[in-house]
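Below is one structure, written out as C-alpha cells; comments come after it.
Side chains included, hydrogens not; waters and symmetry mates left out as well; all remaining heavy atoms used. The chains referred to below are lettered A, B, ... by the order of the sequence lines, with proteins before strands, and numbering in each begins at 1.
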Amino acid sequence: VERGDLDYLVFECLAERTIALAQLALLDGTGSGYDPLLLERMRGVLPTARQRRTVLVTNAGAAAPVAAAQAVRDLGASLGQDSIRVAALTGDDVLAELDLRATPLGAEPGTLWDIRDRIVSANAYLGAEGIIEALAEDVDVVITGRTSDAALFLGPLMHALNWRIEELPQIAGGTLVGHLLECAGQLTGGYFADGGRKAVPGLARLGFPFAEVAADGSAVLRKLPGTGGRLDRQTCLEQLLYEVHDPAAYLTPDVELDVRGVVLDESGPDEVTVSGAVGRPPPDTLKVLVAVRDGEIGQGEISYAGRGCLARARLAAAIVADRWVEVHGRDRSELRTDLIGYNGCRPWLSDAPEEPPEVRLRLSVRSLADGVARLLAREVEALYTNGPAGGGGVTGSVRRSLGLVPTQISRVLVEPRVQVLSS
Amino acid sequence: MTRTVILGDIAHARAGDKGNDSLLVLVPYDEADFEPLRCALTTNRLAEHFSLHQRDSVTVSSAPGLKAIVLVLRERLGGGVTRSTGPDPHGKTLSSHLLEMRLELHPGWAG
C-alpha cells in the first residue's frame, strides 16, 4: 500500500465452503458471519490506503456483508478516519429465489427439496455490476459476499477505465487480470517451488502481484522490487490454467473467457505483459452454490515407528474395525484407513515393497448420526492401552461436513443491492 | 526418435479443484515437447495412471498458444474439500502423482 501507488487493493477471501461455514457460525452464535480476519486486515491497511487514495475491495463480507461494512466503518472511526464511506454489496443470497424441487442433487438421487431442512446457504456468484455501482458512490471500501473472484478486480477496472459490459475484449482482459491476481502469491512464486528447476528465491518474504491495466484490457503484471518470489511465464501459466475446466470457455458472470490465445510476454525481470484474452457474452444464468449440512467427520491418528511399524499400524486398524462392527454394530465400510507416510495421499498405489521408517495410522468416518464421529476418535485413543505395541501421539478430532450442490439461477431473479454506510 | 520420460523431468504441474473434480495443468519446460506430450497423454493412459475405472472420467484439452495442457479428472476427490474424510481433500498432491507418470514420446507426431 505504501510503495505500490495502487488505485485499488483487493482481498479475495472466500473459498467455496467459506460462506456456509460463516453462516453456520452466525447461526450458532460463534461468529459474526464475516471473515474473522477482516478487521485485523483493515486495521493494517485502512489509514495508509485512505492517505494514498487506494480503494479497498474485498469479499470478506461472506454471509454478512452489511454487518462487515458496519464493523469496518466503526473501526475506521476508532482509528480517527473521518467521513469514511463503506459500501456493502448484497443480493448473492438467493435461497428464497431457488426452486428447490427443480434442483437435482447431482451425485445422489433426489432434489434439494428432499433435504431442505439441511440447507445452510445458497449464494449466487454476482458479477462486476454491483461493485461498479458501489464505486460510483465514491466509497473507500467495498465489501461483498459471493461474487466471482475475477469480478472483484473487473469491477474497479470497469469503473476506472469506463468500460461497458458489451466491450468484450476489455471485459475479457480485465477478467483475465482478476483471474491471475486472485490467489495473490500463487502468481509470484507461491505454491511453485520444487527443486532446482523451479527454485523460488525469498519465499519467506513473498511479494504479491499487482497489475497496471491499459485501456484495451492488456496488462503488465509486476511485484515490488526487493520482495521475494518470482514472476514469469511459468508461474503465470500455472496460475492461469490450474482451475479451468475448459480453456476455451471459462464461465464467469461477466464473460465467457477464452484463454487459448493468451500471450504471456516476459517484458522485464519479474514482469509479464499479458494480452490476447477473448470474450464472448456470458450465459443467462448465474452459478449458485448451495451448502447442505452433511453430518460430522471424525478422525483419529496414532504413530508407529521402527521394524514392523506397518504391520502394527494395520493391526491397529483391524482392531478398531472389528470393534466398530462387533461392539458398536456399525458398518466396517464406512471407515476410511490411511497410512500417512505410506499411502495416505495415494491409496490406489499398489503396496510399496519397502517398509517406511515410521507410519501414522489415520482412521476417519463421515456420518449423519449423532456421536459417531466422536466415537471413532475415542476408539483410536483406546489404542494407547489396548492396541499393538509402541503406538504414540494420538490425536482425535470432530468437524462438520458440508455438502455443496452446484446449480444455476436465472439472472432476472438476482438483484445486486448496494448500501453505503458513512461515519 | 522415441524416448521414454518421466513427466516431472520435462514438465511442471499444479492441481486445483472444483467440487468433486480434480483439475490439473501441465506445462512442458521446453515448448518443443508440447505436441509430443499432447499426443502421448491419452485418456486411457491417464485413467490407468490415476486408477480411474472409466476413461471417460478424464478429459484432456490444450491451449496451443500457451503450450500447456489441461486435465480434468471427474469425481476424483471422494466428495471434495468439504466432504472427503481423506488426508488431502483438495487433491493438491495429485500434481506430484501426475509428474511421476512414465510416458513414451514420439517426436514425429506433430499435430
Side-chain angles (χ1 to χ4, degrees), chain A residues 15-17 20-21 106-107 186 191-192 194-195 197-198 233-234 236-248 258-264 276 289 291-292 294-295 297-299 334-336 338 340 344-349 360 362-366 373 400-406, chain B residues 8-31 48-53 59 61-76 78-100:
Chain A
E16 285 190 328
R17 64 192 178 283
L21 293 174
Q186 273 196 184
Y191 214 68
F192 186 84
D194 184 6
R197 234 169 157 176
K198 291 186 78 188
R233 194 184 142 75
Q234 275 185 288
C236 287
L237 272 174
E238 284 198 11
Q239 178 59 25
L240 172 59
L241 292 170
Y242 88 107
E243 275 191 328
V244 171
H245 266 103
D246 180 0
D258 182 343
V259 301
R260 288 172 301 172
V262 165
V263 178
L264 298 166
L289 273 185
V292 181
D294 191 38
I297 292 173
Q299 72 182 64
E334 71 183 344
L335 293 181
R336 172 173 169 141
D338 295 290
I340 308 280
C345 294
R346 298 188 286 175
W348 65 87
L349 285 188
R360 187 159 174 85
R362 180 183 184 280
L363 289 161
S364 54
V365 67
R366 182 179 67 222
R400 277 192 180 108
S401 177
L402 280 173
L404 290 176
V405 180
Chain B
D9 289 338
I10 63 162
H12 57 105
R14 180 178 296 182
D17 65 290
K18 283 274 187 275
N20 201 17
D21 294 348
S22 172
L23 315 177
L24 295 129
V25 55
L26 182 70
V27 183
Y29 291 109
D30 181 350
E31 293 190 359
E48 185 192 343
H49 185 69
F50 284 95
S51 247
L52 295 161
H53 299 302
T59 54
S61 51
S62 58
L66 294 168
K67 309 285 186 204
I69 295 167
V70 170
L71 312 175
V72 180
L73 311 176
R74 257 182 289 287
E75 307 291 323
R76 186 64 185 82
V81 182
T82 54
R83 300 192 75 210
S84 167
T85 69
D88 176 23
H90 294 86
K92 300 300 283 188
T93 58
L94 293 177
S95 59
S96 305
H97 181 65
L98 173 64
L99 294 179
E100 278 188 353

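Side chain of Thr85(B) to backbone of Arg366(A): no donor-acceptor contact under 3.5 angstrom is found. Remark: side-chain polar atoms of Arg197(A) are paired, donor with acceptor, to backbone N or O of Asp9(B) under 3.5 angstrom.
No other option in Leu241(A), Val259(A), Asp338(A), Leu240(A) has as many heavy-atom pairs under 4.5 Å with chain B as Leu241(A). Heavy-atom pairs under 4.5 Å with chain B were tallied for Ser401(A), Gly295(A), Pro406(A), Pro347(A); the largest tally goes to Ser401(A). Counting heavy-atom pairs closer than 4.5 Å to chain B, the top residue among Leu404(A), Val263(A), Asp294(A), Val262(A) is Asp294(A). If you tally non-hydrogen atom pairs under 4.5 Å between each of Gly19(B), Gly86(B), Ala68(B) and chain A, the highest count goes to Gly86(B). Among Lys198(A), Arg260(A), Glu243(A), the residue with the largest count of heavy-atom pairs under 4.5 Å with chain B is Glu243(A).
In this structure, chain B has a heavy atom under 4.5 Å from the side chain of Ile340(A), while its backbone stays farther away. Ser62(B) touches chain A through its backbone: at least one of N, CA, C or O sits under 4.5 Å from a heavy atom, while the side chain does not. Looking at Asp21(B), the atoms closer than 4.5 Å to chain A (heavy atoms on both sides) all sit in the side chain, from C-beta outward. Interface remark: Val365(A) contributes backbone atoms only to the contact with chain B (heavy atom separation under 4.5 Å).
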Before you tell me yes or no, could you show the steps for Leu237(A) and Leu66(B) under side chain to side chain contact (heavy atoms under 4.5 Å, CB included), namely the whole-Å CA-CA distance, both residues' side-chain angles and the distance that decides it to 0.1 Å? CA-CA 8 Å; Leu237(A) 272 174; Leu66(B) 294 168; 3.7 Å; yes
Evaluation steps, side chain to side chain contact (heavy atoms under 4.5 Å, CB included), between Val27(B) and Gln234(A): CA-CA 8 Å; Val27(B) 183; Gln234(A) 275 185 288; 5.5 Å; no
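His12(B) and Phe192(A) have perpendicular rings, their planes meeting at more than 60° on a 0 to 90° scale where under 30° would count as parallel.
When every heavy atom of Cys345(A) is checked against every heavy atom of Asp88(B), the shortest pair comes out as SG-CB, 4.2 Å. Between Arg83(B) and Gly403(A), the closest heavy-atom pair is CD-CA, 3.8 Å.
Ring centroids of His97(B) and Trp348(A) are separated by less than 6.0 Å, placing the two rings close together.
Within the 4.5 Å cutoff, side-chain heavy atoms of Lys92(B) are placed close to those of Tyr242(A). Counting only heavy atoms from C-beta outward, the side chains of Ser95(B) and Glu238(A) never approach each other to under 4.5 Å. Taking the side chain as every heavy atom from C-beta outward, Arg346(A) and Glu100(B) approach each other to under 4.5 Å. Within the 4.5 Å cutoff, no side-chain heavy atoms of Gln239(A) are placed close to those of Val25(B). You'll find the side chain of Glu16(A) reaches within 4.5 Å of the side chain of Lys18(B), heavy atoms only.
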